[in-house]
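As structure tokens, the structure follows; a few thoughts come after it.
In listed order, ligands and their atoms are each counted from 1.
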Amino acid sequence: MATIVTLSSSPSAASRTDAVLGHVERRLRARGHEVQRVTVRDLPAEALLRADGSDPHIAAVVEAIVAADGVVVTTPVYKAAYTGLLKTLLDLLPQFALRGKTVLPVATGGSPAHVLAVDYALRPVLVSLGAEHVTQGWFVQSSEITVYADDAGVLLAESAARNLHLVTESFLTHLARHRTEPVSEADDDVVLRVSPGDDVAAPLLEDLVVEYGTRYGLSTPNTQLTEVPVSDFEGPHGAFIVIVRGGQTIAGGAIRRFDQETAEVKRVWTNSQFRRQGLARRVLLELERAAAGLGYKRIHLTTGPRQPEARALYLAAGYLPAFDLHADPESVGPHTFDKELPAGTLHVGGSAVASAPAYVAAASAGATTDSAPSFRDWGAA
Ligand SMILES: Cc1cc2nc3c(=O)[nH]c(=O)nc-3n(C[C@H](O)[C@H](O)[C@H](O)COP(=O)(O)O)c2cc1C
């Protein structure tokens, strides 16, 4: 079963394009695929117009798209191109958001003169976003679509129905052939408890120095993990975890004691080659689990103003910001977040065993250079 995100991008609530999309979705579901529709007009307009990727609704949509195996992009033709509404969302996607994905473009339009809009307007931007296979798309003329009132059905002209069927089959064939298997990939990942001095932690520490040095203009290497006693990140007060895939350290992070009931997350990191796979979210969940296991009731962390990906990750993961989200990040200084650990924590003789957090690999893909430094720690405040 593949996960397929479908994009509805007509501004119109009574959309003919949505009627066509509903038909395609039915076929995808009938084949056993999981289909998740994103209706762009229902997203927060101000966030779209201001290209505010930190908005939690937008962040969740971007995450879903990045995690999907395939994407069906639909649009009515407006002014010989795709809609401005669709553009507002495409502009918020990371440069290679569609990397490795199979994409099916479908458009509706009033004039057969604009049948090529699918290929000259929509296809190039999808390819530029990294789509591996933009399969044969289709243009359905409005006159071929009869929509019945009150969502009571849609009738497509015979040729439109036949061709939509053909392009949907072709999309599914490509999807089956080229789909990466995120589940087995995640299954191959090994989560290890380590110490900052271990060799397996070295790639994480090295990359932290590069990333933070660049973002905050630091000349002195500082990992915030190796400058304090190693025991900070070991039991009974802390933990340091890495995720290893095929012998390579691809993500990691740490917790230490903040106060008796609170753990502090330090440095959630993903190797730049492996971002957008939900790894940072996974690290965070593993750290939350470790914190609960050590008896902590909440998590505290700070991240810096030049880590918008970290901010989006923590917001999406249910962390509450203790600062004004709308203020200029540079003026905020350290971005502090807190989260109560979920109920269900079982206390056993002073320590605790957490019920495992629900980790759905396919649903989380905000992996970036996510870290939890104190801005001041970098001497940049
Ligand atoms: C502002 C606007 C511009 C349009 N421009 C075109 C166009 O350039 N070419 C075309 O074939 N149809 C054009 N149309 C017609 C729509 O593409 C067509 O009616 C479509 O099926 C509407 O889909 P919807 O109901 O999902 O919004 C335009 C419609 C609107 C409202």
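Residue-ligand proximity, G110 to ligand 1, at heavy-atom distances under 4.0 Å covers atoms 10 (C), 11 (O), 12 (N), 15 (C), 17 (O), 18 (C). Listed by number with element, the atoms of ligand 1 under 4.0 Å from a non-hydrogen atom of S142 are 18 (C), 19 (O), 20 (C), 21 (O).
Remark: minimum distance from atom 2 (C) of ligand 1 to any protein heavy atom is reached at Y78 CD1, 3.7 Å. For atom 7 (C) of ligand 1, the closest heavy atom belonging to the protein is H114 ND1, 3.4 Å. The protein heavy-atom contact nearest to atom 20 (C) of ligand 1 is T108 OG1, 3.3 Å. Closest protein heavy atom to atom 17 (O) of ligand 1: V77 O, 2.6 Å. Among all non-hydrogen protein atoms, the one lying nearest atom 22 (C) of ligand 1 is P76 CB, 3.7 Å. With hydrogens left out, the protein atom closest to atom 25 (O) of ligand 1 is R16 N, 2.8 Å, a heavy atom. Of all protein heavy atoms, the one lying nearest to atom 11 (O) of ligand 1 is S111 N, 2.8 Å. The shortest contact between atom 27 (O) of ligand 1 and any protein heavy atom is with S10 OG, 2.6 Å.
Taking CG of D18 as the reference point, atom CD1 of I145 lies at 10.5 Å (rounded to 0.5 Å).
For E309 and R215, the salt-bridge test passes: some basic side-chain N is under 4.0 Å from an acidic carboxylate O.
Ring orientation note: the planes of H174 and H133 are tilted relative to one another, at an angle of 30° to 60°. Between F233 and F240, the ring planes lie perpendicular to each other; the angle is over 60°, past the 30° to 60° tilted range.
Not counting sequence neighbours, the partners of F258 by the ring pair (Phe, Tyr, Trp, His ring centres under 6.0 Å) test are H300.
In terms of modelled atom types and a separation under 3.5 Å, the side chain of H237 and the main chain of R257 share no donor-acceptor contact. The closest donor-acceptor contact from the side chain of T168 to the backbone of R27 lies at 3.5 Å or more, if one exists at all.
F96 shares a hydrophobic cluster with no other residue; no ILVMFWY side chain has heavy atoms under 4.5 Å from its own.
The backbone and the side chain of S15 each have at least one atom closer than 4.0 Å to an atom of ligand 1 (non-hydrogen atoms only).
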